[in-house]
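Step one of this worksheet: look at the structure below.
Keep in mind that what you see is a predicted model, and the values were worked out from it rather than measured. Proteins come first, then strands; the chains are lettered A, B, ... in the order of their sequence lines, and each starts at number 1.
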Protein chains: 2
Amino acid sequence: MGPAGSANWHAMLDGAEDILREEGYAALTSRAVAERIGVKQRLVYYYFATMDQLIVETFRRLAVRELERMRGMLATPRPLRELWDVCIHTTDARLISEFMALANRSEGLRAEVIAFIEQSRAIQVEALTAALAARGRGAGMAPVGLVMLATSAALSLTREAELGVTAGHAEVTGAIEAFLREMEGE
Amino acid sequence: MGPAGSANWHAMLDGAEDILREEGYAALTSRAVAERIGVKQRLVYYYFATMDQLIVETFRRLAVRELERMRGMLATPRPLRELWDVCIHTTDARLISEFMALANRSEGLRAEVIAFIEQSRAIQVEALTAALAARGRGAGMAPVGLVMLATSAALSLTREAELGVTAGHAEVTGAIEAFLREMEGE
DNA sequence: GTCTATACACCGATAGAC
DNA sequence: GTCTATCGGTGTATAGAC
């Protein structure tokens with residue numbers, strides 16, 4: 001309904017994102033979003049027809065930004081290093097947990113999540129394939145497999161670190177760092 | 001409060017588990033649990049002081065069962081194969097997503113989740129270490145790192161498969177299957 | 001665009017009878 | 001152990017004034 005891209009529209013998505021991160025999806029209500037940005041609850045329904053729509057838009061905005069950022073990294077001197085650092089340092093496992101749980105029950109969100117995973121994987125495969133080709137070598141597994149494995153590891157490493165579990169982390173991180181150094185130096 | 005281990009106690013945990021799996025934690029209410037097992041809402045508060053306690057007990061019962069099962073596998077002819085099959089086939093990523101999201105906001109649950117991860121990792125490390133020693137070889141990475149990596153992969157493989165994403169899955173599964181065959185034959 | 005007001009349903013938790 | 005009844009609060013969503 002309301003104008004996408006307007007100041008209030010963005011403010012509402014910002015609020016929704018913060019609430020998801022800090023309090024979880026059970027706390028993501030139209031009242032909470034309104035209060036957080038200093039408007040009345042009714043206004044949320046002027047900008048979004050349902051709460052589900054607000055959630056989907058929140059994820060979509062995040063996904064678009066992230067994909068754009070990742071594509072930008074393809075042109076840098078060390079794309080693999082950049083992509084890995086993003087995965088491991090700027091990922092918020094709490095926020096991702098909420099979206100993963102929500103995606104199990106919202107068709108609209110699920111479609112967005114699927115699209116995001118597929119596109120981000122494609123970008124990462126492109127980066128790894130190019131890096132391997134430039135050095136005229138393979139990696140013992142097809143790039144798409146290696147990318148899938150690294151993405152899984154990054155997500156679990158981040159999530160467990162937030163919980164306070166670290167068994168095996170140094171070993172996995174070490175192996176990936178060694179691979180990155182071998183591929184891109186520094 | 002109420003007698004842990006009684007028929008109603010188990011029925012309530014069963015109900016809670018089903019609701020989490022099917023509808024998510026936002027739908028896990030005392031009324032929903034009561035209705036599902038055919039009792040009145042008040043009775044839920046006779047067995048559990050708070051909803052948080054019910055959630056913690058639901059996870060704990062599940063974790064205890066799972067750890068027992070995993071320990072039992074250490075004595076089988078192919079422990080690595082058994083442990084991997086459990087990870088990849090009987091894991092319900094939806095249920096895990098809910099517990100992961102809940103653990104971000106419930107101290108009691110978080111402690112249980114941490115304990116479970118640490119204990120299951122220890123069992124898996126024991127299995128892998130024994131298997132490597134029996135064959136007098138190493139694996140290019142310390143066992144705990146390999147276990148961490150495999151666990152991450154299993155979780156993401158299951159979760160993505162439920163979403164319908166499969167890019168890179170065959171490659172990762174193939175590599176792990178090859179490793180298992182090399183270690184335990186068949 | 002933004003508001004007041006409200007319909008209707010559901011929540012956790014408790015009092016207290018049987 | 002199990003129930004009826006209820007308190008005070010919150011949820012989505014809508015009607016309609018300004």
Provide the full list of side-chain hydrogen bond (donor to acceptor under 3.5 Å, both in side chains) pairs with a residue in residues 24-35 of chain A, sequence neighbours left out, each pair given once.
Tyr25(A)-Glu98(B), Ser30(A)-Gln41(A)
Could you tell me if Arg121(A) and Thr151(A) have a donor-acceptor pair between their side chains, going purely by distance under 3.5 Å?
no
Is the closest side-chain heavy-atom distance between Tyr47(A) and Glu57(A) below 4.5 Å?
no
What integer distance in Å separates Lys40(B):NZ from dA5(D):P?
10 Å
Hey, could you give me each pair passing side-chain hydrogen bond (donor to acceptor under 3.5 Å, both in side chains) that has a residue in residues 128-137 of chain B? Not counting sequence neighbours.
Arg137(B)-Glu182(B)
What residues form a side chain to side chain contact (heavy atoms under 4.5 Å, CB included) with Thr58(B), not counting sequence neighbours?
Leu13(B), Ala16(B), Glu17(B), Leu54(B), Phe99(B)
With sequence neighbours left out, write down each residue that passes side chain to side chain contact (heavy atoms under 4.5 Å, CB included) with Arg78(B), or none if nothing qualifies.
Arg81(B), Glu184(B), Glu186(B)
Within residues 17-28 of chain B, residues whose heavy atoms come under 4.0 Å of DNA chain C
Leu28(B)
Can you confirm whether Tyr45(B) sits close enough to Arg42(B) that some side-chain heavy atom of one is under 4.5 Å from a side-chain heavy atom of the other?
yes
Report the distance from atom CD1 of Ile37(A) to atom C1' of dG1(C), rounded to the nearest whole Å.
13 Å
Atom pair distance, as rounded to whole Å: OH in Tyr46(B) and P in dG1(D)
4 Å
Between Tyr47(B) and dG1(D), is there a contact of a side-chain N or O with OP1 or OP2 at under 4.0 Å?
no
Distance in Å, Glu177(B) CD paired with Trp84(B) CH2, rounded so as to fall on 0.5 Å steps
8.0 Å
Output one letter per nucleotide in nucleotides 13-18 of chain C: B when a protein non-hydrogen atom lies under 4.0 Å from the base, S when only the sugar-phosphate is that close, - when neither is.
BBBB--
